[in-house]
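Below is one structure, written out as structure tokens; comments come after it.
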Protein chains: 2
Amino acid sequence: MSEREPKPGRPPRAVDVAAAAEVSTATVSRVFNNPEKVAPAIRERVLAAAKAMGWMPHAAGSALARRRSSIVGAVIPTLDNEVFAAQVGAMQAAFAERGITLLLSCFNYNQDQAVHDVQAMLARGVEALAIVGEAHRPELFASIQARHIPYVVTYSHRPGSPHACVGFDNRQAFHTIARHLLDLGHETIGVIIQPTAGNDRVAARLDGVRAALAERGLGVRPQHLREGEWSIDFGRQSVRAILATDPVPTAVICGNDYLAVGALLEARAMGLSVPRDLSITGFDDIAISRQLDPPLTTMHVDNHEIGRRAADYLLACLEGERPAAMPPLVPTLIRRGTAAAPDLPARPA
Amino acid sequence: MSEREPKPGRPPRAVDVAAAAEVSTATVSRVFNNPEKVAPAIRERVLAAAKAMGWMPHAAGSALARRRSSIVGAVIPTLDNEVFAAQVGAMQAAFAERGITLLLSCFNYNQDQAVHDVQAMLARGVEALAIVGEAHRPELFASIQARHIPYVVTYSHRPGSPHACVGFDNRQAFHTIARHLLDLGHETIGVIIQPTAGNDRVAARLDGVRAALAERGLGVRPQHLREGEWSIDFGRQSVRAILATDPVPTAVICGNDYLAVGALLEARAMGLSVPRDLSITGFDDIAISRQLDPPLTTMHVDNHEIGRRAADYLLACLEGERPAAMPPLVPTLIRRGTAAAPDLPARPA
DNA sequence: TTGTAGGCGTTATCAC
DNA sequence: GTGATAACGCCTACAA
């Protein structure tokens with residue numbers, strides 16, 4: 001019909017659609033942004049023309065004119081941990097519903113990388129930012145604040161943090177776990193944990209354990225503390241090392257489920273009975289944890305919920321609301337099969 | 001110094017930097033895009049001014065003028081499978097090195113969603129696209145081709161596919177697995193697999209198994225074929241169901257490692273000895289597979305490599321090259337502990 | 001309800 | 001080596 005490609009081989013522009021539909025570019029724009037403001041007949045004509053030539057508003061031009069990019073950024077340590085993958089997946093879905101696309105970047109636990117990533121995203125004009133953890137270089141938050149865009153920190157919820165947070169109190173959570181083991185009667189407890197340097201969440205976890213033990217007059221002996229990359233393999237080698245110390249712990253608290261899975265598998269491979277000979281706890285409740293034999297006692301964190309809440313918070317900010325501070329999520333202790341009372345030799349009466 | 005914020009509370013623009021450095025905006029632009037074309041002294045002045053006011057080129061404006069968005073899109077089923085998470089992580093890293101940011105979207109195995117996601121990305125001006133699988137609605141590829149942007153299909157490598165692919169031959173891979181079991185002496189083989197509808201990769205896998213069996217005059221009995229969501233739980237319930245059939249298979253081929261892990265754990269929970277009573281194979285070689293007891297026999301796929309190659313291919317296209325078709329990756333059979341010769345009753349002589 | 005026209009921030013093409 | 005200036009594609013007052 002009234003359809004003419006202007007410069008073939010080149011994506012169509014609004015003017016082309018306007019010409020085809022015999023209207024102005026303003027009307028074309030309105031059809032796509034405020035459809036109710038244009039007469040139905042014309043609207044159809046424009047829509048038809050646009051469809052015929054496969055036109056859709058060009059994001060860069062639109063972003064420039066509108067001064068909105070409809071892009072938000074997510075900055076996470078790595079996708080190789082199902083915890084962060086789940087969070088990102090949920091955020092992506094929540095944003096997609098509102099026509100917002102997600103820019104992703106992984107800083108691999110490297111603080112300089114994180115600063116760099118954030119600045120790159122800022123340059124891309126992200127309208128909001130979600131960042132895992134708050135242990136970042138000051139300039140990271142400074143550059144965000146200089147742009148006056150909303151942001152949220154996930155997985156942390158330190159009381160008194162200056163940032164909007166969606167997460168839980170890591171210290172409290174590990175206090176709970178440690179308390180659980182103490183209540184079962186354990187007194188010699190080992191810890192296998194991720195590197196604490198530059199990771200506020202992990203540092204808080206170790207802190208929580210120490211606090212709980214201290215309340216009973218106990219502590220973590222240096223030889224019972226193993227710090228290293230969160231991997232099943234590190235869990236394995238750590239439990240082996242810890243079991244070779246004296247006194248031998250009756251329980252091991254792991255900084256996350258990957259470590260705990262390793263500890264559990266290795267302990268069993270060594271011929272130990274879990275939990276009789278050794279209690280083991282994890283954190284995160286990853287998919288495999290409930291499947292093992294015995295199933296892992298751990299704390300469940302709803303990562304999809306974290307992603308969703310982070311997205312909702314940012315979305316609200318973008319709508320101009322000033323959402324109230326969010327209460328922390330509370331991870332729940334999942335008592336499964338790897339933690340029980342220690343099998344201590346009967347004490348002389 | 002000669003530093004003046006023009007309209008405070010508003011991000012600085014190139015003109016502001018230009019004014020502060022007492023040069024033109026053209027020079028400011030050059031400093032950031034062709035530094036070698038500007039005198040060192042002036043360059044420093046501009047850099048200093050930019051730094052002082054925290055300016056960096058605005059992506060939307062730049063994209064418009066340059067006619068390049070420096071954005072590419074990745075379209076995957078879900079991040080909840082570590083296979084895709086790894087691929088995306090590797091792509092993101094490879095692109096980041098070249099100053100390209102990654103737009104992510106998950107279609108959750110829903111073809112309509114995939115079409116929608118791709119079109120949204122196109123509207124965002126992605127310069128290239130990586131898509132998992134080739135079983136998509138025709139309009140998905142049509143809209144990409146209409147834009148004349150490079151794209152690549154990952155995880156598929158069907159001989160004769162019209163698309164550039166980075167992946168492996170799923171049919172061939174499962175032919176290899178099935179052959180392995182046949183060579184061990186299995187004749188009654190069950191299959192637990194993801195939904196084949198709308199998933200070319202899975203359909204090809206089942207095909208490969210059938211072909212290998214057919215070559216020995218065998219087949220997959222209907223009661224031995226279980227098709228459902230890839231989850232550890234579905235693996236568990238399926239192995240239970242298959243073991244209740246007659247004749248009882250001596251081996252089960254699983255469509256991926258999640259299913260196989262479920263099958264293995266459930267078989268053991270039922271008191272079976274693996275592999276003596278039942279051989280089990282997986283596919284993907286996810287992190288947990290080698291850790292189980294016995295460790296899972298599976299095929300290893302280098303997902304990071306897939307992501308990296310996909311990124312390299314697209315990058316090359318963006319440089320104007322016309323890269324040759326890539327040879328398929330070849331997953332390698334990892335013989336671990338879950339596949340062995342069947343423990344058949346001795347046949348009468 | 002629709003059209004006109006200016007501007008969004010940067011880059012590229014020219015002159016100088 | 002540097003500076004005007006015209007795109008780039010779209011949106012939105014404002015005017016009609």
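Letters go in sequence order (proteins before strands), and every chain restarts at 1.
- Checking the phosphate oxygens (OP1, OP2) of D/dC11, a side-chain nitrogen or oxygen of A/Ser62 falls inside 4.0 Å.
- Where B/Ala65 and B/Ile42 each meet DNA chain D at their nearest nucleotide, the meeting point lying more 5' is that of B/Ile42.
- Taking only side-chain atoms of A/Ser24, from C-beta outward, the nucleotide of C/dT10, D/dC11, C/dT4 with the closest atom is C/dT4.
- Rounded to an integer number of Å, the gap from A/Glu44 CD to C/dT2 P is 12 Å.
- Between B/Glu127 and B/Arg68, at least one side-chain nitrogen of the basic residue sits less than 4.0 Å from a carboxylate oxygen of the acidic one, meeting the salt-bridge criterion.
- In this structure, the CD atom of B/Glu22 is 14 Å from the C1' atom of D/dT2, given to the nearest Å.
- No contact: A/Val28 has no heavy atom under 4.0 Å from any strand.
- Candidate nucleotides C/dT2, C/dT10, D/dG9 were compared by shortest atom distance to the side chain of B/Pro57, and C/dT10 ranks first.
- Side-chain atoms of B/Arg30 and base atoms of D/dG3 include a donor and an acceptor less than 3.5 Å apart.
- Looking at the side chain of A/Arg13, the nearest of the listed nucleotides D/dG9, D/dT2, C/dG3 is D/dG9.
- The two residues B/Pro35 and B/Asn33 come nearest to each other via the heavy atoms CD-C, 3.5 Å.
- Atom-to-atom, CZ of A/Arg124 to P of C/dG9 comes out at 17 Å; the value is rounded to the nearest Å.
- Here A/Ser29 lies in heavy-atom contact (under 4.0 Å) with a base.
- In this structure, A/Asn303 CG and A/Met91 CE are separated by 13.0 Å, a value rounded to the nearest 0.5 Å.
- Of all nucleotides listed (C/dA12, C/dT2, D/dG3), C/dA12 comes nearest to the side chain of B/Arg66.
- Rounding to whole angstrom units, NE2 of residue B/His58 and P of D/dG9 are separated by 16 Å.
- A residue-by-residue look at A/Ala26 and B/Glu36 shows that B/Glu36 has its nearest nucleotide of DNA chain D further toward the 5' end.
- We find that CG of A/Leu64 is positioned 9 Å from P of C/dT10, with the value rounded to whole Å.
- Taking atom CG of A/Asn33 as the reference point, atom P of D/dT12 lies 6 Å away to the nearest angstrom.
- Atom-to-atom, CZ of A/Arg68 to P of C/dG9 comes out at 16 Å; the value is rounded to the nearest Å.
- Comparing D/dG3, D/dT5, C/dG3 against the side chain of B/Thr25 picks out D/dT5 as the nearest.
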Stepwise side-chain hydrogen bond (donor to acceptor under 3.5 Å, both in side chains) check, B/Glu134 with B/Ser156
CA-CA 7 Å; B/Glu134 64 173 322; B/Ser156 274; 4.5 Å; no
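- Within 4.0 Å (heavy atoms only), A/Val15 reaches no atom of the nucleic acid at all.
- The structure places CD of B/Gln87 at 10.0 Å from NE2 of B/His304, a figure rounded to the nearest 0.5 Å.
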